[in-house]
Amino acid sequence: MEAQTQINNNAGSFENEEEGFIQTVPAVGEQTATESPLFKKIDAAIKNKVTLIDSSYWRYAARSVLATLFLTLGTSIAFGTAIQAEKFMPGAGKFTFAFMFSWSLVMIIFMNAELGTSNMLFMTVGVYRKKINISKAIKILMTCVLFNLIGGIVFGYLVSLTGPFQNLPADNYMFTGVAAKLSKSTVQIIVEGIFANIVVNTAFFINLRMKDDAGKVMAIIFVIFIFAFLGYEHVIANFPAFSLAFFASKGAIAGMTTASVLHNLLFAFVGNYIGGALVIGMTYAWLNQTHSSYVD
């Protein structure tokens, strides 16, 4: 009996670490975040990412490239409709841009692509909850962001060759919008980056919690509309946006220099990490690491 009690008391100390994913066995009677339905799905998603990158690095890279394929398509139709809307009703472009851009995340989620800003949450939470080691988390996040960038540049260039983006006037919605992004201060970019990834990862949480696909689509669209309409900074979305604008303008956008682009991307990354990984990810991980039955 004493031996059995000792085993039960120490149950939480056993960990099985395999290929970077750590499986912790909770102590008997202890309520942990793994009992949260939401965090069970997050744990499963983390394990899938680890399994994929370990079994086939290039398949993981391909899913990351696909994310910015869908983002490029969403960005292109958003800019395209906004340019046309501005011709008929000045100011309407902002509404059409935000609505059409929102479909980007729908495509990314339903096509199982890998987005860097959501992985900021998954990897940070995984390390905090001891589901993945730090080196593996960094590898996944940095691989995802790198191939998001590659996809954004490649597909931004290819879309710039299509009809809607030929011979655009210098004052069109896309060129002026990108120029405005590049003129923002460091503080503004960071703060807007924080709110942008709060919104994006809220949409991911909603997707994980909802069962009906039609409901998921509607929720994602209206949540993403928030940051798209407000013009907040999302580092991965800026990959195809900057690339498309650069190639379509033949490099003629005011203020678009290597320094201004890197300034925006660097501090958008910082803001996105704070908003997605810390404000949403770590807050909810902490809230659900509880003995209370009040879990998500």
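Just so you know, these numbers use all the heavy atoms, side chains as well, and skip hydrogens, waters and symmetry mates. Keep in mind that this is a model prediction, so the values were computed, not measured.
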Problem set entry | M256 side, atom CE; F246 side, atom CZ - distance, nearest 0.5 Å | 7.5 Å
For this session: Evaluate side-chain contact (heavy atoms from CB on, under 4.5 Å) for V200 paired with I280, printing each intermediate quantity in order.
Result: CA-CA 10 Å; V200 169; I280 296 297; over 6 Å; no
Problem set entry | T68 backbone acceptor or donor facing N148 side chain under 3.5 Å | no
Problem set entry | F242 and L265: CA distance, side-chain angles, deciding distance, side-chain contact (heavy atoms from CB on, under 4.5 Å) verdict | CA-CA 10 Å; F242 290 169; L265 295 178; 4.0 Å; yes
For this session: Give the ring-plane orientation class for F39 versus F205, where under 30° counts as parallel, over 60° as perpendicular and anything between as tilted.
Result: perpendicular
For this session: Give a yes or no on this: more than 12 heavy atoms of other residues, nucleotides or ligands lie within 6.0 Å of atom CE of M142.
Result: yes
For this session: Of all the heavy-atom pairs spanning N133 and S135, show the shortest one and how long it is.
Result: OD1-OG, 3.1 Å
Problem set entry | Flag if over 12 foreign heavy atoms under 6.0 Å of CG, L266 | yes
Exercise. Is the OH atom of Y60 crowded by more than 12 outside heavy atoms at less than 6.0 Å?
Worked result: yes
Exercise. Does the side chain of Y57 pick up a donor-acceptor pair with the side chain of T143 at under 3.5 Å?
Worked result: yes
For this session: Would you indicate whether F225, at its atom CZ, is surrounded by more than 12 heavy atoms from other residues, nucleotides or ligands within a distance under 6.0 Å?
Result: yes
Exercise. What's the verdict on side-chain contact (heavy atoms from CB on, under 4.5 Å) for H263 and I189, showing C-alpha distance, side-chain angles and the deciding distance?
Worked result: CA-CA 9 Å; H263 173 261; I189 294 170; 3.5 Å; yes
Problem set entry | Test log, rule side-chain contact (heavy atoms from CB on, under 4.5 Å), inputs E192 and L230 | CA-CA 9 Å; E192 290 186 356; L230 294 174; over 6 Å; no
Problem set entry | Heavy atoms of other groups near F95 CZ, more than 12 under 6.0 Å | no
For this session: Check whether any side-chain heavy atom of V145 lies under 4.5 Å from a side-chain heavy atom of L149, and answer yes or no.
Result: no
Exercise. Do L71 and F101 have side-chain heavy atoms sitting under 4.5 Å apart?
Worked result: yes
For this session: Determine yes or no for a side-chain-to-main-chain donor-acceptor pair under 3.5 angstrom, with S243 supplying the side chain and P240 the backbone.
Result: no
For this session: Drop me the distance from H234's NE2 to I236's CD1, to the nearest 0.5 angstrom.
Result: 6.5 Å
Seminar exercise, completed: Closest non-hydrogen atoms of K136 and D54, given as atom of the first, atom of the second and distance, are NZ-OD1, 2.5 Å
For this session: Please test Y273 against T124 for side chain to side chain donor-acceptor pair (under 3.5 Å), starting from the C-alpha separation and ending with a verdict.
Result: CA-CA 9 Å; Y273 186 83; T124 303; 2.7 Å; yes
For this session: Give the minimum heavy-atom separation between A196 and Y232, together with the two atoms involved.
Result: CB-CB, 3.8 Å
For this session: List the steps, then state whether ring pair (Phe, Tyr, Trp, His ring centres under 6.0 Å) holds for F97 with F79.
Result: CA-CA 6 Å; F97 176 88; F79 276 134; 5.0 Å; yes
For this session: Compare all side-chain heavy atoms of Y157 with those of L161 and state whether any distance is below 4.5 angstrom.
Result: yes
Problem set entry | Option from T117, I220, I109, L121 for which side-chain contact (heavy atoms from CB on, under 4.5 Å) with F204 holds | I109
Exercise. Do W58 and I53 share a hydrophobic cluster, counting only Ile, Leu, Val, Met, Phe, Trp and Tyr and linking them when any side-chain heavy atoms are less than 4.5 Å apart?
Worked result: yes
Exercise. Should we say atom CZ of F147 is surrounded by more than 12 heavy atoms from elsewhere, each under 6.0 Å from it?
Worked result: yes
For this session: Tell me yes or no: between the side chains of T72 and T75, is some donor less than 3.5 Å from an acceptor?
Result: no
Problem set entry | Side-chain touch M120/L141, heavy atoms, less than 4.5 angstrom | yes
Problem set entry | Heavy-atom pair with the smallest gap, counting every atom of K181 and N264 | O-ND2, 3.4 Å
Problem set entry | Nearest atoms (heavy-atom pairs only) where G93 meets A82 | O-CB, 3.4 Å
Exercise. Do M107 and F110 share a hydrophobic cluster (ILVMFWY, side-chain heavy atoms under 4.5 Å, transitive)?
Worked result: yes
For this session: Looking only at non-hydrogen atoms, find the nearest pair between F247 and G156 and report the distance.
Result: CD1-C, 4.2 Å
Problem set entry | Separation of D212 CG from M218 CE (nearest 0.5 Å) | 10.0 Å
For this session: Could you tell me whether the side chain of V106 reaches within less than 4.5 Å of the side chain of S104, counting heavy atoms only?
Result: no
Exercise. Looking at side-chain heavy atoms only, is the closest gap between P37 and D296 below 4.5 Å?
Worked result: no
Problem set entry | Whether N288 side chain and Y284 backbone form a donor-acceptor pair below 3.5 Å | yes
Exercise. Any link between L168 and L158 through a network of hydrophobic side chains (Ile, Leu, Val, Met, Phe, Trp, Tyr) touching at under 4.5 Å?
Worked result: yes
Problem set entry | Nearest-0.5 Å distance, CD of residue Q84 to CG of residue N172 | 10.0 Å
Exercise. For F267, does its backbone N or O pair with a side-chain atom of N272 as donor and acceptor, under 3.5 Å?
Worked result: no
Exercise. Counting only N and O atoms by type, is there a donor-acceptor contact under 3.5 Å from the side chain of N119 to the main-chain atoms of F122?
Worked result: no
